[in-house]
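Everything on this sheet refers to the single structure shown next.
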Amino acid sequence: MKYILDQQAIGRMVTRIAHEIIENNKGVSDVVILGIKTRGVPLAKRIVNKIEEIEGFKVPFDSLDITFYRDDLEKKSIQPVVNNQLHINVNDHIVVLVDDVVYTGRTCRAALDAVMDAGRARKIQFATLIDRGHRELPLRADYVGKNVPTSKEEIVSVHLVEIDGEDSVVIE
C-alpha cells in the first residue's frame, strides 16, 4: 500500500476545484452540485462549503444514487424503479457531478443518465478527486484534483473522514 495524498493535500484540491468551478462558470448563481454516492457525496459537500466560504452563496446540493443506471448490473426489468429522487431542480442549471475516482468512465455515464432523467440541465460538468486513466468511454473530468497513472491491477482507495475516519488516498 502506497499513500499518495494526505488530509492537507485533499483539502488543497477541494479548494482548487471550488475556485475552478466558480471561475469557469463566472460565479455560481446557476450551479447545482450532485455528489455521486458513496464518496462523491462528502466530497461534494466539502466543495459546496468551500464555495460558500469563498462566494458567500450556498450552492444547491443533493446526492445522486446511480445504482440502477449502471451497465454492469443485471436488470430485473427493462425500466427499473429508481427510489432516489433529486430534491433540487436541475432544469436550466449548470450541474456539477462529483465523484472520488474516475476510472473507466462508466460511473460518470450512469450519473449522466440519472441527471438526464431528472430534467434538462443547461450544462453538465464533472469533478473528481482522482483521475486514474484507463477510460472505456470517451468521457473526461472538467475538474481533477490529481491525475494518478495506475496499472489496471492497482486499486485506488479514497478514504474520507466522514465515512472512513481519515482523509487519505492510497494505491493498493
Side-chain angles (χ1 to χ4, degrees), residues 1-66 88 90 93-112 114-115 121 123-152 154-172:
M1 182 164 58
K2 176 183 174 187
Y3 279 84
I4 57 173
L5 294 176
D6 62 11
Q7 182 176 10
Q8 287 182 325
I10 292 171
R12 285 190 296 271
M13 289 174 189
V14 166
T15 298
R16 180 170 39 80
I17 289 169
H19 278 284
E20 289 175 355
I21 290 169
I22 294 164
E23 183 178 336
N24 289 344
N25 294 301
K26 297 174 178 56
V28 289
S29 61
D30 293 335
V31 172
V32 299
I33 294 183
L34 302 178
I36 300 172
K37 289 185 175 180
T38 296
R39 284 172 181 78
V41 173
L43 282 171
K45 285 181 183 176
R46 291 181 191 191
I47 291 168
V48 166
N49 291 338
K50 186 56 70 174
I51 288 172
E52 184 177 17
E53 182 182 310
I54 297 164
E55 291 287 292
F57 179 81
K58 185 83 168 172
V59 175
F61 161 82
D62 205 347
S63 61
L64 188 64
D65 185 350
I66 53 101
I88 58 175
V90 298
H93 285 87
I94 299 165
V95 174
V96 181
L97 298 169
V98 179
D99 204 5
D100 59 341
V101 178
V102 62
Y103 179 39
T104 62
R106 294 185 181 278
T107 297
C108 181
R109 188 221 38 96
L112 289 169
V115 171
K123 183 189 292 187
I124 302 174
Q125 300 172 342
F126 181 47
T128 187
L129 189 64
I130 303 294
D131 185 340
R132 61 172 293 191
H134 304 288
R135 221 62 91 240
E136 294 174 2
L137 299 172
L139 299 169
R140 67 168 180 77
D142 299 282
Y143 311 103
V144 177
K146 185 173 182 70
N147 289 293
V148 180
T150 61
S151 74
K152 290 186 178 186
E154 292 175 307
I155 297 170
V156 175
S157 296
V158 174
H159 302 137
L160 298 173
V161 72
E162 296 91 339
I163 296 168
D164 309 297
E166 72 167 351
D167 279 351
S168 66
V169 178
V170 297
I171 296 179
E172 302 173 40

Taking only residues two or more places apart in sequence or in another chain, which ones pass salt bridge (charged side-chain N to carboxylate O under 4.0 Å, His left out) with Glu154? none

Under 3.5 Å, is there a donor-acceptor pair linking the side chains of Asn24 and Gln125? no

For Asp142, the side chain to side chain donor-acceptor pair (under 3.5 Å) test, sequence neighbours excluded, returns none

Got a sec, which pairs hit salt bridge (charged side-chain N to carboxylate O under 4.0 Å, His left out) with one end in residues 21-35, sequence neighbours left out? Asp30-Arg122

Backbone N or O of Gly133 within a donor-acceptor pair of the Asp131 side chain at under 3.5 Å? yes

Taking the side chain as C-beta and beyond, is there a heavy-atom pair between Ile88 and Leu34 under 4.5 Å? yes

Determine whether a donor-acceptor pair (N or O, by modelled atom type, separation under 3.5 Å) exists between the side chain of Ser63 and the backbone of Gly35. no

When the side chains of residues 157-166 are checked against the rest of the protein, which donor-acceptor pairs come out under 3.5 Å, sequence neighbours left out?
unit_1	atom_1	unit_2	atom_2	d
Ser157	OG	Glu172	OE2	2.8
His159	ND1	Ser168	OG	3.1
Glu162	OE1	Arg46	NH2	2.7
Glu162	OE2	Arg46	NE	3.0
Glu162	OE2	Arg46	NH2	3.3
Asp164	OD1	Arg39	NH2	2.7
Asp164	OD2	Arg39	NE	3.0
Asp164	OD2	Arg39	NH2	3.4
Asp164	OD2	Leu160	N	2.8
Glu166	OE2	Ser168	OG	3.3

Distance check, rounded to the nearest 0.5 Å: Asp99 atom CG versus Cys108 atom SG? 8.5 Å

Measure the CD1-CZ distance between Ile47 and Arg16 for me, rounded to the nearest 0.5 Å. 10.5 Å

Would you give the length of the straight line joining atom CG of Leu97 to atom CD1 of Ile124, rounded to the nearest 0.5 angstrom? 6.0 Å

Any side-chain heavy-atom pair from Phe126 and Leu139 closer than 4.5 angstrom? no

Who are the side chain to side chain contact (heavy atoms under 4.5 Å, CB included) partners of Lys146, not counting sequence neighbours? Leu5, Met13, Ile130, Val148

Please identify each residue that fulfils side chain to side chain donor-acceptor pair (under 3.5 Å) with Thr15, with sequence neighbours left out. none

With sequence neighbours excluded, what pairs up with Ala44 under the side chain to side chain contact (heavy atoms under 4.5 Å, CB included) test? Ile33, Phe61, Val98

Side-chain contact, heavy-atom cut-off 4.5 Å: Val32 with Asp62? no

For Tyr103, the ring-ring contact (aromatic ring centres under 6.0 Å, His included) test, sequence neighbours excluded, returns His134

Go through the structure and list residues passing side chain to side chain donor-acceptor pair (under 3.5 Å) with Arg106, not counting sequence neighbours. Asp71, Glu136

Do Val102 and Arg135 have side-chain heavy atoms sitting under 4.5 Å apart? yes

Mind checking what makes side chain to side chain donor-acceptor pair (under 3.5 Å) contact with Lys50, not counting sequence neighbours? Glu53

The criterion is side chain to side chain contact (heavy atoms under 4.5 Å, CB included); which residues satisfy it with Glu55, sequence neighbours excluded? Ile22, Val28, Ile51, Phe57

Can you list every salt bridge (charged side-chain N to carboxylate O under 4.0 Å, His left out) pair that touches residues 1-11, not counting sequence neighbours? none

